[in-house]
Structure formats: C-alpha cells, structure tokens
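What follows is a single structure, written as structure tokens, with notes after it.
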2 protein chains.
Amino acid sequence: MVKRTSFEGDSCPIARSLEAIGDWWSLLIIREALFGVRRFGEFQGKLGMAKNILATRLRALVDLGILKVAPASDGSAYSEYVLTPKGHGVFPVLVALRQWSEEFDDHPEEIATILVDRDKGRPVKKLELHAEDGRVLTAVDTTLKARPRRSRSAG
Amino acid sequence: MVKRTSFEGDSCPIARSLEAIGDWWSLLIIREALFGVRRFGEFQGKLGMAKNILATRLRALVDLGILKVAPASDGSAYSEYVLTPKGHGVFPVLVALRQWSEEFDDHPEEIATILVDRDKGRPVKKLELHAEDGRVLTAVDTTLKARPRRSRSAG
DNA sequence: CTCCGTTGGTTGCATAATGAAACTGGATTG
DNA sequence: CAATCCAGTTTCATTATGCAACCAACGGAG
C-alpha cells in the first residue's frame, strides 16, 4: 500500500485528529468558517485555493461532521457550509497554532492580526493547561496514562 | 506553478504555523520528541513511517528551529534530535488536538491514553482561553484586530 | 421562454509529494 | 577485514495537489 498512511485506527488521539483536520487546507477552511464564511465562492476567494480542492475538502469536512450543508440562507437557492459544534470545537487548535506562530515565528512583524477579546478589544492571554487543582501545567508536568476501560456494566 | 501552495508569506499566523508543522508527520514527530524520543531509529520504529520521509521531515524541522541535532548523548557516535524551545512550544497545539479528539471523535473508546497531571495522576482540564481580566473566552467572544504597528522610534 | 453572465461545482492532465524497498556508508563487533 | 547494525539516500510506483477548462443550475433582461 503506497497510499498516504491513514491514522484512522490509531489509538493516539492526536493522530486521530490529524486524520481529520491535519491537512493543509482543512484548518484554514475552518478558520474562515469561524469568521462567518459560508459560501463556496467566498471560501475560494478568501483562501485563493483551487475549486476542485475546495470542493473535495468541503465534502470531507461535511462527511466528518465538522461542517454541515445549510439549504439556503440569503435567498439564493445555493447551499451554504456552516460549522457544527464539532467544527466550533476546533477553535482552540487554531488559537494554539496562532499563538505558537506569534511566539516563535522568525518574522513576527509579518503577522497582520492579533486575537482580541471582543468586549474589551484587548489581546487574549496565552492558552493555559491546568491541573484539576488549578496549577498551570507545562509539557513536562504531564504524562500519559492508559485510558481507564469503562466497564460494560457501568452506566 | 503546480507546487503545493506555500503559506510562507501569508500574514495569517495560523497559515504560517501550518506552513511549518501543518503536515501529516511533523506533529507526530514532535509528539514523540516531547516524550523523549531522540534517535532516528526510535522515531522510525514508533511512528512506523518510511525512513526517507522521516529523514526529510527531521531535516525540515531542524531547519525550522524546532529540533536541533545533538552530537551525541549515550556514547554512540550517532546524532540525536532534541526539541528546541520553539519545539516545546508546540505542546499546546498537541494538547488542543488531543482534546478535540477526546471530545468529538466518533469512536472515543478507541483512544488508548489520557493526558494526566504527572504529580497527581489526574486528568488535565480542558485548555482555556482567557481574556486579560480572566474571563473564559469562546470563539464568538473574540475577534481579530490589525496588529498595532510598532513604531520605529518606540523601544 | 431565450440569451447571457454568475455561482458552484466536476473533469483532465501535469507535477509534486508520499511511501515501500533496495541500496549506501560509517560504526561496532568479533 | 567480514558481518552486522544504525542512519540515512536513492529509486521508482502511486497518490494528491493544483491550474485550467469544462459544465450545470440559477437569475435577470428582454
């Protein structure tokens, strides 16, 4: 099999996520969708991508339950693509990517935008990972454990 | 140009991140590196990827300043790949991907591991985005602003 | 309803990236 | 200095990407 290796059956949740949204365009499509982009032509124009690629990606994202097709919205008989809750759930991933770029990019001056609190217009804080007791955790403060198997009798 | 479109000059920081780590393998390599994997063969064995792809990716990650080559470590004259601070900075991205999978995957029972606080062994909390004043922000609570141009006279 | 431009795609083909396996070369062992 | 392992590189088939051209459905003018 020379197919692009699939992580579909992989037990690592990161690999599973990448299987769904780990390609060049999907995350950018979701980013646009989070900003309210809904129409095929709008995605195509903003992202500057080929229409066939866009069509393929949109279909895949719909199949994955990240986007859903809305029959209409502004009168025209064309359909639109709107985020599902699963799609909205990608937001932290995008924020993490953005903040990584802001912190480590070699040419941060080329970054045109900052993410701000809509109410106050002030920059957001860095994403933080907390322990149950509230401590902030870095990578070395964490480790992996086998997922506790939910017994078949438990509710 | 039929080249895979590059986001190198893009002003969107998300695109810029994807340019660096938005491919199938890079994030998995970084994930392994965060767990202490350092040797070529170790990466290759754990990830089950072709050696040529691994070699290409490792070189790219080194060029990007995400990994660096350490001349030795355990006596053997081979080199190792260790994360730079920039590489460690990817951790939140991986956590975000993991949590997205945990929350929205269609088959969460196939996920083998959970991320826990090393001290307590308890699961970590969800990543949270906070405003400056501490409020938790969701996607709709945020918006983008033009990055304030740092004037050439200001320190 | 027909002409014609726009929106929303699909199809074709060239090129680049991916991947399995074979190959290379240095280091270690004996 | 032969056998073997580690760390890659090369080769070649397959797949994905991307541009361009094509096509179908819609919408307005007449």
Side-chain angles (χ1 to χ4, degrees), chain A residues 1-10 15 18-29 32-33 36-64 67-82, chain B residues 1-10 15 18-29 32-33 36-64 67-82:
Chain A
M1 188 167 55
V2 196
K3 284 184 73 142
R4 187 173 245 192
T5 56
S6 164
F7 304 123
E8 204 171 354
D10 200 297
L18 291 175
E19 174 71 19
I21 54 177
D23 80 284
W24 291 76
W25 290 113
S26 296
L27 281 168
L28 293 177
I29 292 172
E32 295 302 327
V37 171
R38 294 163 155 250
R39 295 286 286 266
F40 185 95
E42 232 181 329
F43 284 110
Q44 208 257 318
K46 298 232 179 191
L47 293 173
M49 64 193 295
K51 297 199 291 180
N52 54 349
I53 311 288
L54 176 57
T56 304
R57 286 287 167 276
L58 288 175
R59 207 177 311 127
L61 291 171
V62 169
D63 288 348
L64 286 164
L67 294 174
K68 64 172 182 289
V69 178
S73 160
D74 62 337
S76 56
Y78 301 113
S79 51
E80 301 187 338
Y81 300 90
V82 297
Chain B
M1 187 168 55
V2 198
K3 284 186 73 142
R4 187 174 246 188
T5 56
S6 165
F7 305 123
E8 205 169 355
D10 199 298
L18 290 176
E19 175 71 17
I21 55 176
D23 80 284
W24 289 77
W25 291 113
S26 296
L27 282 168
L28 294 176
I29 291 171
E32 294 302 328
V37 171
R38 294 162 155 250
R39 295 288 286 267
F40 185 96
E42 232 181 330
F43 283 110
Q44 208 257 319
K46 297 231 180 194
L47 293 173
M49 66 194 294
K51 298 200 290 179
N52 53 348
I53 310 290
L54 176 58
T56 304
R57 286 287 167 275
L58 287 175
R59 207 176 312 126
L61 290 171
V62 169
D63 288 349
L64 287 164
L67 293 175
K68 65 172 181 286
V69 178
S73 160
D74 63 336
S76 56
Y78 301 112
S79 50
E80 301 187 339
Y81 301 89
V82 297

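So that the names make sense, note that chain A is the first sequence line, chain B the second, and so on, each numbered from 1.
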Looking at residues at least two apart in the chain, or sitting in another chain, which of them share a side chain to side chain contact (heavy atoms under 4.5 Å, CB included) with [X]?
X: A:Leu27; answer: A:Ile21, A:Val90, A:Val93, A:Leu94, A:Leu97, B:Leu18
X: A:Ala60; answer: none
X: B:Glu42; answer: B:Val37, B:Arg39
X: B:Ala20; answer: A:Trp100, B:Leu64

How does protein contact run along nucleotides 6-11 of chain D, one letter per nucleotide 5' to 3', with B for base contact, S for sugar-phosphate only, - for none, heavy atoms under 4.0 Å?
-> SBBBBB
Nearest-Å distance, [atom1] ([X]) to [atom2] ([N])?
X: A:Met49; N: D:dA16; atom1: CE; atom2: C1'; result: 13 Å
X: B:Trp25; N: C:dA17; atom1: CH2; atom2: P; result: 18 Å
X: A:Phe43; N: C:dG9; atom1: CZ; atom2: C1'; result: 15 Å
X: A:Leu54; N: D:dA16; atom1: CG; atom2: C1'; result: 16 Å
X: B:Gln44; N: C:dA20; atom1: CD; atom2: C1'; result: 11 Å
X: A:Arg38; N: C:dG9; atom1: CZ; atom2: P; result: 15 Å
X: B:Arg57; N: C:dT18; atom1: CZ; atom2: C1'; result: 9 Å
X: B:Ile29; N: C:dT18; atom1: CD1; atom2: C1'; result: 13 Å

Below 4.0 angstrom from OP1 or OP2 of D:dA16, is there any side-chain N or O of B:Trp24?
->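 Indeed not, no polar side-chain atom of B:Trp24 lies that close.
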Check residues 49-56 of chain B and write down every donor-acceptor pair under 3.5 Å in which the side-chain atom is one partner and the other belongs to a residue at least two apart or another chain.
from    : atom 1 : to      : atom 2 : distance (Å)
B:Thr56 : OG1    : B:Asn52 : O      : 2.9

Roughly how far, to the nearest 0.5 Å, is the CZ atom of B:Phe7 from the CG atom of A:Leu47?
->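 A:Leu47 atom CG to B:Phe7 atom CZ measures 8.0 Å (nearest 0.5 Å).
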